[in-house]
Amino acid sequence: MSDPLDQPSPTDLAEEEATARLLRMAGTRPAVPAMRAARVRSTVRAHWQARARWRAVRRRALAAAGLVSAALLALFVLGRTVTPERAAIAPGAPVAVVERVDRAATRLQPGDSIRVGEWIETAAGARVALRFADGSSVRFDVASRARPLSANVIDLAAGALYVDTAPGSAGFEVRTPIATARDVGTQFEIRVQDAATRVRVRSGKVELRNGTRLVSGEAGTEVTMSADRAVSRPIASHGPDWQWTASVAPALDIEGLALSEFLDRLSREHGWSVRYADPALARDASAIVLHGSVSGLQPPDAVEVAITTSGLAHRLENGLLTVTRLSSAR
């Protein structure tokens, strides 16, 4: 079957009719030798076929160009409506250092530098602790994925982070797919859970924002925010739910530390409160200098060793560490 595009167009037929009229107006001409007439007819026909084929090719090219243009337009429109899960950011300046790796199931090693925009991923059995330039500690729970966007802004895509800001820090901002958490001098855990973001505040205050909605979480509060609501409830600042944060905490070297400083650091790490039996004992504790090491000991055992060797006694109940003199111990 012939291609319809190869058939004479209305323009071709009009040109042929105009040529015929001109020939009729010219009147009778001398007879043309048959051989010459055949050559002319053959040449004209070849010229007409070539012109018809050129027009057919041109029409096909225009049609194809139209399809390509439509496809490009569709691609452009789709490209404008598709947003990546997390936009790429070119690696920038170093903002943190890997301080500790719990269970070597990650590519990171202590001492590695972390740059702006660099994704950090922990495996199912690994945790990582970073030390930022301002001295703050940021710890990644198992199966977490996050990256620093600046020296104090973190993008959390999955899993959980624990942030312990250093004294004098300007605070951190943690962004998740649902909400953004901002703190000033505090300790908190933030976790991505399905279609919600959960923040647990151990000390200080954290603001959780989703669009125009703003919810504040005080110490001892858990806030869970989804796309349509936020729920708050009280929580303990110590206990099993916080143990993972201590498992990847920086090692505490007691050599040369005052007993009071050691107890303050350990209590901050585990959410305890420290109380001395009297003001004089608090002053004495700041003058007692510790020696040796508590490496490898569980926190209650480390407290036991430090206080006993200092000639004092203590009780640890429900997150309250009470330090007493031996004569007052029961």
What is the minimum heavy-atom distance between [X] and [Y], and which atoms define it?
{"X": "P177", "Y": "V192", "value": "CD-CG2, 4.3 Å"}
{"X": "S237", "Y": "G271", "value": "OG-O, 3.2 Å"}
{"X": "R127", "Y": "S247", "value": "NH1-OG, 3.4 Å"}
{"X": "A230", "Y": "M225", "value": "CB-CE, 4.0 Å"}
{"X": "R213", "Y": "A227", "value": "NH2-O, 3.3 Å"}
{"X": "S216", "Y": "V223", "value": "O-CG2, 4.5 Å"}

With a 4.5 Å cut-off on side-chain heavy atoms, are [Y] and [X] touching?
{"X": "D241", "Y": "I235", "result": "no"}
{"X": "D134", "Y": "N152", "result": "no"}
{"X": "E121", "Y": "S144", "result": "no"}
{"X": "I178", "Y": "N210", "result": "yes"}
{"X": "E255", "Y": "S293", "result": "no"}
{"X": "L263", "Y": "V323", "result": "yes"}
{"X": "F132", "Y": "F172", "result": "yes"}
{"X": "T309", "Y": "H291", "result": "no"}

Checking T165, I190, V174, V199 against D183 for side-chain contact (heavy atoms from CB on, under 4.5 Å), the one that qualifies is T165

Looking only at side-chain N and O atoms, does [Y] offer a donor or acceptor that is under 3.5 Å from a partner on [X]?
{"X": "S286", "Y": "D284", "result": "no"}
{"X": "E189", "Y": "W244", "result": "yes"}
{"X": "R202", "Y": "Y162", "result": "yes"}
{"X": "T221", "Y": "S232", "result": "no"}

Nearest-0.5 Å distance that lies between atom [atom1] in [X] and atom [atom2] in [Y]:
{"X": "H238", "Y": "L320", "atom1": "NE2", "atom2": "CG", "value": "9.5 Å"}
{"X": "T176", "Y": "Q193", "atom1": "OG1", "atom2": "CD", "value": "10.5 Å"}
{"X": "E207", "Y": "T180", "atom1": "CD", "atom2": "OG1", "value": "11.5 Å"}
{"X": "R200", "Y": "W242", "atom1": "CZ", "atom2": "CH2", "value": "5.5 Å"}
{"X": "L312", "Y": "L281", "atom1": "CG", "atom2": "CG", "value": "5.5 Å"}
{"X": "L156", "Y": "R175", "atom1": "CG", "atom2": "CZ", "value": "12.5 Å"}

Answer yes or no: are there more than 12 heavy-atom neighbours, outside N318 itself, under 6.0 Å from its atom CG? no

Flag yes if more than 12 heavy atoms outside R229 fall under 6.0 Å of its CZ atom; otherwise flag no. no

Just by distance, do the side chain of [X] and the backbone of [Y] share a donor-acceptor pair under 3.5 Å?
{"X": "S226", "Y": "A195", "answer": "no"}
{"X": "D278", "Y": "A280", "answer": "yes"}
{"X": "T324", "Y": "A277", "answer": "no"}
{"X": "R100", "Y": "A249", "answer": "yes"}
{"X": "Q243", "Y": "H270", "answer": "no"}

Taking [Y] as the starting point, is it possible to reach [X] by hopping between hydrophobic residues whose side chains are less than 4.5 Å apart?
{"X": "V274", "Y": "L259", "value": "yes"}
{"X": "V97", "Y": "I114", "value": "no"}
{"X": "V294", "Y": "V303", "value": "yes"}
{"X": "V163", "Y": "V142", "value": "no"}
{"X": "L252", "Y": "V138", "value": "no"}

Begin with the C-alpha distance, continue with both residues' side-chain angles, and end with the deciding distance and a verdict on salt bridge (Lys or Arg N to Asp or Glu O under 4.0 Å) for R107 and D112. CA-CA 10 Å; R107 64 177 179 81; D112 288 351; 5.9 Å; no

Lys/Arg-Asp/Glu bridge criterion (N-O < 4.0 Å) met for [X], [Y]:
{"X": "R265", "Y": "E261", "result": "yes"}
{"X": "D155", "Y": "R147", "result": "yes"}
{"X": "R275", "Y": "E317", "result": "no"}

Check the pair E99 / L130 against side chain to side chain contact (heavy atoms under 4.5 Å, CB included), numbers first and verdict last. CA-CA 5 Å; E99 190 164 39; L130 306 183; over 6 Å; no

L161 vs R139, side chain to side chain contact (heavy atoms under 4.5 Å, CB included): CA-CA, chis, key distance, verdict: CA-CA 5 Å; L161 299 179; R139 305 166 201 175; over 6 Å; no

Hey, mind stepping through L208 and L214 against side chain to side chain contact (heavy atoms under 4.5 Å, CB included) and telling me if it holds? CA-CA 6 Å; L208 194 60; L214 177 65; over 6 Å; no

Side chain to side chain contact (heavy atoms under 4.5 Å, CB included) between L297 and V305, intermediate numbers included: CA-CA 9 Å; L297 296 179; V305 169; 3.9 Å; yes

